[in-house]
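Structure, as structure tokens:
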Number of protein chains: 2
Amino acid sequence: MLTKSSTELVRQRNSVLVLATLRRHGPLAHTEISEFTRLSSATISAITADLEKAQIIEKSEQQPASGRGRPRVLLRQRRDCGYLIVVIISSDAVQYSLVDYAGKLIDRFSEQRSHDPDGASRFTNSVREGLLRILARSRIEQQKVLLISISSKGLVNSSEPVLVWSPIFGSDQIDFESALRPEWQAKIILDNETLLVAAALGAHEENVKGADFRSLAALSLGHSIGLGIVRRTSHGGHDVSAPNFGHMLHMANGGLCRCGTRGCIEAYAGFYAILRTAFEVPLDTIPAKFVPLAELDKIAARARQGHRISGFAFRQAGLALGNGLSRMLSLTERMPIAITGVGTRYYDLLRQGIEEGLGQSHVVRMEGMPELRVAADEQNLVFEGHLNRALAVIDEDIVVAGGQGGD
Amino acid sequence: MLTKSSTELVRQRNSVLVLATLRRHGPLAHTEISEFTRLSSATISAITADLEKAQIIEKSEQQPASGRGRPRVLLRQRRDCGYLIVVIISSDAVQYSLVDYAGKLIDRFSEQRSHDPDGASRFTNSVREGLLRILARSRIEQQKVLLISISSKGLVNSSEPVLVWSPIFGSDQIDFESALRPEWQAKIILDNETLLVAAALGAHEENVKGADFRSLAALSLGHSIGLGIVRRTSHGGHDVSAPNFGHMLHMANGGLCRCGTRGCIEAYAGFYAILRTAFEVPLDTIPAKFVPLAELDKIAARARQGHRISGFAFRQAGLALGNGLSRMLSLTERMPIAITGVGTRYYDLLRQGIEEGLGQSHVVRMEGMPELRVAADEQNLVFEGHLNRALAVIDEDIVVAGGQGGD
DNA sequence: ATTTTTTTCTCGACAGTCGAGAAATTTAGT
DNA sequence: ACTAAATTTCTCGACTGTCGAGAAAAAAAT
């Protein structure tokens, strides 16, 4: 409330609102936009006229008139209004996707990541090449790319596109802004991967529950552990955050983690940690760099057949996760927890430990066990989260720029 | 962004902005308001004229003209525009304060709390009586009381004035809304005590650092442990929350807590817990209901003289606090931590443990130790926090009501 | 008395939203 | 073929808001 309001700001907000409802519900007629936004028909006329003049939306070709009366003319975003490049960095590959302003996928490819630890500078070079390649393949002008949306596991600076810590590069910071800036004018945003999963799940949840949706957490299980939290803000927006959950302290002076600290949650619940426990390797052993999934599948199979120490490894992991989640719930309100990631295939083995770990805390005893659910297809959710956030950012930028630049 | 904007909303926001700057900087002239709010002089004229007509602000008596030119006329809130009752519930007393719209204390008294555990219903009755008493003493019309702002230690429902859990009444919920509603038309808000401390400290911090202020946590040490967090929101407001920190899990299957769960932070860092450790009572002993402060002072004195087990008790408490804080920092951004409450008198004994507990986590190793400071005079901060929040709420209510009621 | 300086108020321009009704355009009925 | 009904879109005038510029007010300095 520290900043003043003006009538222009009202128009901006309402313009963004119109674009957002167009995103949520697809191409809409004048009347429908008015219903959804609760803005008067006259206002919709004014706003859509502006947006059309600025070449942001267009009238769609008239579809078969259904019912009597003057036929509706649908409004939709102009595909060629601008483009978005989504870069998803995972432990073994980098996926590049080119998307148009309407959210439609135009081109996509993946590049294997070299496992060289020489790291940061070589990696940013490969990202530069990847970006140029997807641009070249599609023959789109570079200026038309309005936004580059990047995601990775790890800890991200909330205000700048800087990867502060990642399981891949450790604390070699990667600043995408400075790496891409002279070459690209596009805005660059960077988000934690699980944050995007949470954002996508939150959007789903809100579509179902409407105003009843309050908050949700996404827990991603894999080589490392990620957590994303979505909350509805008072004005109806979504506030998302990606805490450093995997490296939250589970137990003081506990097992050695990849990050060099002792007792992180990941040092009990990450894949390498499960392996370590299952093979009864001392907890202060420096953890394996990379654990083949097949190896963990074997342990899981043994655990399912009743092999004690294998089962114990998963149970131990579940306890760490459950304790950690209970601590998170002590700091937030009660919320459902969606579990994603490769690790969901071991959910049958983890579940009991998670629930027991949750149950050891005061909040859970008071408020009851939070709803736990499994959300498969993490990859799609990540991409969906990218689109949700990136297109919203583009809408806002385009509206404020359109107001200043005029035409 | 789900809700539409309109020109009336602009006026509302700007009116609230004017009232807020008047609160922050005391009585101001036309010109000064314009400078602080960045609103044009014409707009200030319009808004202040409205507010004056609605009897919310008034022109002050002209003070000695200083300097040449037309003398300024200061604008200030009308004291009699409305009143606020602040109710501070602590473990041994309830304090009632009557405050006018300008934030000036008019009357105050405290009532001893009966230590009867018969609890909730008798307690709400005593609060009803207290409220009527402070009203009667001041001869103010009941309708003029616009807000009753209550605080207590414990867990508070964020949307309704319901005390969900408190160290005093346990999980006997107290719903102040239903307890006071037929009798009082005033709005009723309830906040956690440490949340108010955090709010007050946040306001101070912002006055000093301005826009550089990002967030802050207040940790209250006493018979129970409280935590409040303030964060600046994107539009310049403050977002405060009071997590259930004292009963966050410190150690699975650890010491027995007053709440009945095992391993809460409070079961290591609350006063009774320090006593328990110092006297080497088993950790599963049901904790003492109430610990005289003198008892703890004795232990502290012994600890300062080098008595091992006494020192260990404080160190243990510090470790629990430090670990808990590190977990909080894993879920939020780095922020300074202000320590308040009676327990600050043992800070010399707790400090090492707190820092060690913090240092055991990944975040602290990465981002460095957060700034720790001691904020004395918790009682005043609580009251200040009440005023900050309550008067802001009144301002907003009065503006939206004034717009509708009109005159 | 006049000028200077500072503050407050007022006026016209401009931007935004809204409700009502006109205009447009199709289907149904005769 | 023509008219009536239905439905959507567009337009106009009223209202509310902010802003900049300059007029009016009021005291000190000359």
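For Gln143(B), the CD atom counts as loosely surrounded, since its 6.0 Å shell holds 12 or fewer non-hydrogen atoms of other residues, nucleotides or ligands. The local environment of CZ in Arg181(A) is crowded, with over 12 non-hydrogen atoms from other residues, nucleotides or ligands closer than 6.0 Å.
Using a 4.0 Å cut-off, no side-chain N or O of Lys59(B) falls inside it from OP1 or OP2 of dT8(C). Remark: Asn14(A) is not in phosphate contact with dG16(C), judged by side-chain N or O atoms under 4.0 Å from OP1 or OP2. Contact between the side-chain N/O atoms of Thr31(A) and the OP1/OP2 oxygens of dT9(D) is found at a separation under 4.0 Å. Contact annotation: Thr7(B) side-chain N/O to dA15(C) OP1/OP2 distance is not under 4.0 Å.
Computed from coordinates, the Leu39(A) CG to dG16(C) P distance equals 13 Å when rounded to whole Å. Distance, Leu17(B) CG to dG17(D) C1': 15 Å, rounded to whole Å. Nucleotide dC10(D) holds its C1' atom 14 Å from the CD1 atom of Ile33(A), rounded to whole Å. To the nearest angstrom, P of dT17(C) lies 12 Å from CG of Leu9(B). When rounded to the nearest whole Å, the span between CZ of Arg70(B) and P of dT10(C) equals 10 Å. Counting to the nearest Å, the C1' atom of dT8(D) and the CD atom of Glu35(A) are 12 Å from each other. Rounded to whole Å, atom P of dT8(D) lies 12 Å from atom CG of Leu74(A). Rounded to whole Å, atom P of dA13(C) lies 18 Å from atom CD of Glu8(A).
The 5' end of DNA chain C is approached more closely, in terms of each residue's nearest nucleotide, by His30(B) than by the other of Val10(A) and His30(B).
Taken residue by residue, residues 43-50 of chain B places heavy atoms nearer than 4.0 Å to DNA chain D at Thr43(B).
Side-chain contact of Ser241(B) with Asp239(B): a donor-acceptor pair under 3.5 Å is absent, judged by distance alone.
Note: Leu391(A) CG to His386(A) NE2 = 11.5 Å, rounded to the nearest 0.5 Å. Here CD1 of Ile56(A) is found 5.0 Å from CD1 of Ile398(A). Values are rounded to the nearest 0.5 Å. Annotation: the span from Leu19(A) atom CG to Leu51(A) atom CG amounts to 5.0 Å, rounded to 0.5 Å.
Closest to the side chain of Arg72(B), from the set dT9(D), dT8(C), dG17(D), is dT8(C). The side chain of Ala29(A) lies closest to dT9(D), out of dT9(D), dT25(C), dT18(D). Here the side chain of Ser41(B) is nearest to one of dC9(C), dG16(C), dC19(D), namely dC9(C).
Remark: the backbone N or O of Glu183(A) is paired with a side-chain donor or acceptor of Gln142(A) at under 3.5 angstrom.
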